[in-house]
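Let me begin by presenting the structure, written as structure tokens, before commenting on it.
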Amino acid sequence: MSKKDIEEISKEQQRADMVIHEIGKKIDKLEGNKKDVGGDAGHLRETFWEDVTVNFDEPDDVLETHISLRQQAELLGERERSIGQIHKQLKTLEKLKYSPYFGRIDFKEDQEDAEAIYIGITSFMDQNDENFYIYDWRAPISSVYYDYSPGAASYKTPEGKIDGELQLKRQFLIRDGKILNLFDTGVTIGDELLLEVLGTNASSMMKSIVATIQKEQNRIIRNETSKYLIVQGVAGSGKTSAALQRVAFLLYRHRDTLKSDNIMLFSPNPLFNSYVSTVLPELGEENMQQTTWHEYILNRVGKSFDVEDPFTQLEALLSDENEQSSKLRLAGIQYKSSLPFKQHLDEYMQGLSKDGMVFKNITFRKKVLISKEELARKFYELDDHVTIPNRMQSLKDWAQSEMRKHAKAERKQSWVDEEMMLLDKEDYLSAYKAAQKNNRDDDEFSYFDKEEVVLRKVIVNKRFKSIYKGIKNLRFIDYGQIYKNAFDKRSDDLSDDEWTSIVNTTIVNLEQGILWNEDATAFAYLKDMLEGKKANTGIRQVFIDEAQDYSAFQISYIKQLFPYSKMTFLGDLNQAIFAHGNDEFLRDGTDEDVEKITLTKSYRSTSEIIEFTRSMAHNGDEIEPFNRHGNKPLVIEVPNKKTILAHIEGDLQHLKEEGNKTIAIICKTQKESMEVYESLKGSGGVRLLEKGTISYEKGISVVPAYLAKGIEFDAVILYNSSVYVNEMEKELFYTACTRAMHELYVYREENIPNPFLDNIDKEAFRLKKISN
């Protein structure tokens with residue numbers, strides 16, 4: 001390091017020390033405010049009722065009491081919100097104290113002196129809130145750091161574009177308040193800083209590393225114009241990280257109108273939700289709403305059916321050794337996931353407006369109160385120019401009215417006498433009070449007569465409560481039969497065998513109360529069309545990760561569910577592991593409302609691992625590995641499957657000794673994962689990840705390939721690559737290999753070909769043969 005470099009670091013350290021000192025002063029001030037406000041809130045809670053005027057004698061007194069209560073509650077709420085804000089500020093300042101910023105730009109606007117802009121995870125100003133010591137990475141001027149090399153530069157503000165000159169671009173490595181190094185660079189983010197970050201071990205949580213945002217990732221983060229933003233990114237290109245930082249940017253940019261609960265993330269599985277859960281809090285933001293498509297659809301379908309999840313569907317396809325049944329199931333999945341099937345359902349719905357609606361009898365004590373025929377007759381008596389949902393609303397109102405008549409008649413039945421004998425003391429007391437309240441001097445009934453009338457009404461209403469609720473929720477519609485009838489018209493896109501298989505399996509499943517995964521979206525869509533579910537207007541931004549695993553039907557449905565939302569779709573064509581995948585959507589972002597950004601540079605894996613996986617990828621020659629090196633992947637050839645298990649424990653021990661903190665043994669299926677786990681669990685420290693697993697931790701994990709999507713590990717052991725044989729399984733194999741950051745071991749059985757492994761250049765890996 002030159003004398004000039006040492007002097008520059010010393011000068012920058014003095015400034016960092018000053019800023020850290022100011023941060024300390026701000027922390028002390030906030031701690032004092034927190035104590036004062038906390039004391040006020042505690043006192044308000046203790047004296048809440050002492051400071052409220054409570055009087056219900058006169059109408060004016062009631063109003064005064066209401067106003068007094070509201071004022072006191074608002075005062076307490078304001079104090080508690082202040083405590084929450086202070087607590088949030090303190091958490092952010094504690095982070096800044098150890099690493100206040102990561103970048104600096106010297107930007108000169110026309111006719112102005114150059115200004116040194118220091119960039120960190122949040123803004124920080126002097127004691128008078130006049131001058132910025134640190135600019136938030138999301139501030140408009142901070143985009144210059146990510147987008148430009150020294151020279152002419154500009155940035156956009158709400159008021160317009162600002163032109164100028166970037167005179168200096170500097171990156172810092174600051175740990176515990178000390179500048180370990182600094183880099184003046186002409187590129188977006190210098191290799192030194194990226195190597196520092198990428199060379200470390202994988203965490204059990206995804207980290208928000210805003211210091212390493214690349215220019216193309218910054219385009220994703222700051223895009224505000226497109227209704228639909230499609231990001232096609234190769235494995236390890238940072239698309240998910242960029243998307244989460246995009247959420248943070250949007251919350252900052254529109255902080256007066258956009259809150260975290262206005263944002264929805266559809267993630268691939270519950271485990272992924274845990275993995276990304278710390279990113280936004282790290283940036284001082286609350287997490288957005290997170291769900292999986294399966295969870296969302298379950299809520300729409302209701303509890304009437306047992307709905308297969310996508311992983312069970314995939315397991316069934318991967319495990320089915322009967323080629324014919326697998327082929328037929330695949331045809332059904334692809335048809336029911338298509339836009340032609342969605343169009344078929346739309347046409348079917350138009351026909352239901354005239355005829356074909358199916359209802360269920362509304363019964364009570366095995367007696368039909370309103371028959372399904374009567375419901376159908378009443379429905380089709382309504383004007384067919386009125387939409388089906390509106391006619392359903394009218395039918396519901398009529399059914400509720402009819403049910404009240406039936407309930408009144410039911411009070412005279414003998415079963416009511418029997419239940420009156422079993423009433424407890426509280427029910428009698430309630431009935432007595434009600435009878436006494438309604439009694440008048442000229443009533444011809446005694447208290448006892450009144451009491452009996454009230455009791456009968458209470459008993460019947462209690463038993464009819466579930467019927468009223470069922471009518472309100474339209475449970476008298478026979479959704480299963482209506483969906484079944486949708487297959488009465490044959491599709492010309494399928495062969496006779498395929499169509500017959502689809503119809504027969506659908507009918508059998510529905511009769512058994514089962515919805516296969518490929519039926520769930522279509523069933524929910526049909527149900528929404530019948531009920532007239534309103535669009536979700538509270539969600540303003542939708543993010544869909546692993547978008548290649550969503551069908552054309554699902555994407556179209558999502559757009560209808562959130563018609564006023566902007567959407568960000570993130571995916572990788574090479575990881576389309578589900579049979580209903582929709583890679584055309586990622587390929588063709590051609591609509592006027594769509595902007596497509598392609599990420600071809602991979603940062604997760606070493607160059608050697610990327611070279612190994614390149615031949616399996618679509619347009620693999622376009623994937624750019626980041627310049628980080630390591631060992632070539634190790635292909636271990638064994639005589640049989642038993643030999644693999646015998647050697648894995650030694651591999652795990654070696655990888656741990658090499659410093660790998662997160663190690664995954666990736667299997668093809670859940671069944672295979674269970675076998676491996678059962679074999680290894682006795683050695684301790686091994687965890688099985690299943691579709692219901694909701695948290696990911698450091699250590700050794702056994703996991704099926706489809707659950708490892710989106711997660712990275714220091715080292716991956718791919719268990720028995722010989723079982724990946726057909727084209728559908730290529731993406732699964734590729735996904736498993738690209739989870740590895742530093743080390744990749746691939747086991748294979750000798751004499752069993754793996755077409756994907758056999759196509760890899762022999763120079764791209766090390767080969768180890770084990771004889772027993």
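Index from 1, following the sequence. In this text, all values refer to a predicted model and were calculated from it rather than measured experimentally.
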Value rounded to 0.5 Å, distance of CG in N223 from CZ in F249
9.0 Å
Nearest-0.5 Å distance, OG of residue S304 to CZ of residue F523
7.0 Å
Heavy-atom neighbours of D488 CG exceed 12 at 6.0 Å:
yes
Give a yes or no on whether a salt bridge exists between R391 and D383, defined as a side-chain N under 4.0 angstrom from a carboxylate O.
no
On a heavy-atom basis, the closest approach of L339 and S556 is CD2-CB, 3.8 Å
Sub-4.5 Å side-chain heavy-atom contact between L688 and M674:
yes
Using 30° and 60° as the class boundaries, would you call the ring planes of Y296 and F562 parallel, tilted or perpendicular?
tilted
Carboxylate-amine/guanidinium contact K730 E727, below 4.0 Å:
yes
Measuring from atom NZ of K396 to atom NZ of K472, what distance do you get when rounded to the nearest 0.5 angstrom?
7.5 Å
For the pair D593 (side chain) and Y228 (backbone), establish whether a donor and an acceptor sit closer than 3.5 Å, ignoring hydrogens and angles.
no
Has the side chain of Q232 got a donor or acceptor atom that lies under 3.5 Å from a matching backbone atom of L573?
yes
Pair E373, F359 - check side-chain contact (heavy atoms from CB on, under 4.5 Å), show working.
CA-CA 8 Å; E373 292 82 8; F359 298 98; over 6 Å; no
Does any non-hydrogen side-chain atom of D493 lie less than 4.5 Å from one of P340?
yes
Might you work through the side chain to side chain donor-acceptor pair (under 3.5 Å) test for T521 and Q554, ending with a clear yes or no?
CA-CA 7 Å; T521 295; Q554 289 168 343; 3.3 Å; yes
Measuring centre to centre across the rings, with the benzene-like ring taken for any Trp, is Y525 within less than 6.0 Å of F553?
yes
Flag, side chain of E498 to backbone of S495, donor-acceptor distance under 3.5 Å:
yes
Can you list every salt bridge (charged side-chain N to carboxylate O under 4.0 Å, His left out) pair that touches residues 327-356, not counting sequence neighbours?
E308-R329, R329-E518, K336-D519, K354-D384
Take E315 and K671 through the test salt bridge (Lys or Arg N to Asp or Glu O under 4.0 Å) and record every step on the way to the result.
CA-CA 8 Å; E315 283 279 338; K671 181 182 176 184; over 6 Å; no
Do the two ring centres, one from F487 and one from F341, sit under 6.0 Å apart?
yes
Nearest heavy-atom pair of R739 and A235: which atoms, and what distance?
NH2-CB, 3.9 Å
Distance in Å, R411 CZ paired with H406 NE2, rounded so as to fall on 0.5 Å steps:
13.5 Å
When you check the gap from the basic side-chain N to the acidic O, do R300 and D528 get nearer than 4.0 Å?
yes
Is it true that the NZ or CZ of K527 lies under 6.0 Å from the centre of Y479's six-membered ring and within 45 degrees of the ring axis?
yes
Distance, nearest 0.5 Å, that separates CG of L369 from NZ of K405
13.0 Å
Measure across M392 and L474 and return the closest heavy-atom pair with its distance rounded to 0.1 Å.
O-CD2, 4.2 Å
Criterion side-chain contact (heavy atoms from CB on, under 4.5 Å) on Y706 and N269, from CA distance to verdict:
CA-CA 9 Å; Y706 52 78; N269 53 62; over 6 Å; no
Any side-chain donor paired with an acceptor under 3.5 Å for D497 and T500?
no
Evaluation steps, side-chain contact (heavy atoms from CB on, under 4.5 Å), between V416 and V460:
CA-CA 7 Å; V416 182; V460 172; 3.9 Å; yes
State, to 0.1 Å, how close I482 and Y348 come at their nearest heavy-atom pair, and which atoms those are.
O-OH, 2.6 Å
Report yes if the distance between the aromatic ring centroids of W415 and F364 is under 6.0 Å, otherwise no.
yes
Take K668 and S673 through the side chain to side chain donor-acceptor pair (under 3.5 Å) test and state the conclusion after the steps.
CA-CA 8 Å; K668 179 181 172 183; S673 299; over 6 Å; no
Sub-4.5 Å side-chain heavy-atom contact between R490 and D496
yes
I want to check a possible cation-pi pair here: R255 against Y252, using under 6.0 Å from ring centre and within 45° of the ring axis as the test.
yes
Give the intermediate values and the outcome of salt bridge (Lys or Arg N to Asp or Glu O under 4.0 Å) for residues R219 and E595.
CA-CA 11 Å; R219 280 181 62 207; E595 180 171 351; 3.3 Å; yes
Could you check whether K484 pairs with E511 (Lys NZ or Arg NE/NH1/NH2 to Asp/Glu carboxylate O, under 4.0 Å)?
yes
Stepwise salt bridge (Lys or Arg N to Asp or Glu O under 4.0 Å) check, E402 with K378:
CA-CA 12 Å; E402 289 296 297; K378 193 69 182 176; over 6 Å; no
Do Q541 and M288 come close enough that some side-chain heavy atom pair is under 4.5 Å?
no
Quick one, R138 and R253 - any side-chain contact, counting heavy atoms below 4.5 Å?
no
Under 3.5 Å, is there a donor-acceptor pair linking the side chains of S267 and N273?
yes
Excluding sequence neighbours, so at least two apart, what forms ring-ring contact (aromatic ring centres under 6.0 Å, His included) with F733?
Y724
Walk me through whether D545 and T240 qualify under side chain to side chain donor-acceptor pair (under 3.5 Å).
CA-CA 7 Å; D545 205 4; T240 301; 3.0 Å; yes
Check D572 against G233 and note the closest heavy-atom contact, atom names and distance.
CB-O, 3.2 Å
If you define the side chain from C-beta out and look only at heavy atoms, does anything of I544 sit under 4.5 Å from T568?
no
Using a strict cut-off of less than 4.0 Å between a Lys/Arg side-chain nitrogen and an Asp/Glu carboxylate oxygen, indicate whether E286 and K259 qualify as a salt bridge.
no
Do E295 and T292 have side-chain heavy atoms sitting under 4.5 Å apart?
yes
For Y564, does the OH atom have more than 12 heavy-atom neighbours from other residues, nucleotides or ligands under 6.0 Å away?
no
Spatial distance of atom SG (C667) from atom CG (L689) [nearest 0.5 Å]
10.5 Å
Do I539 and Q289 touch side chain to side chain, with heavy atoms closer than 4.5 Å?
yes
Stepwise, does the side-chain contact (heavy atoms from CB on, under 4.5 Å) test hold for V542 with F266?
CA-CA 8 Å; V542 173; F266 285 101; 4.0 Å; yes
Heavy-atom closest pair (S226 atom, K566 atom, distance to 0.1 Å) is O-CD, 3.6 Å
Kindly determine whether D397 and S394 satisfy side chain to side chain donor-acceptor pair (under 3.5 Å), including the steps that lead there.
CA-CA 5 Å; D397 294 342; S394 297; 5.5 Å; no
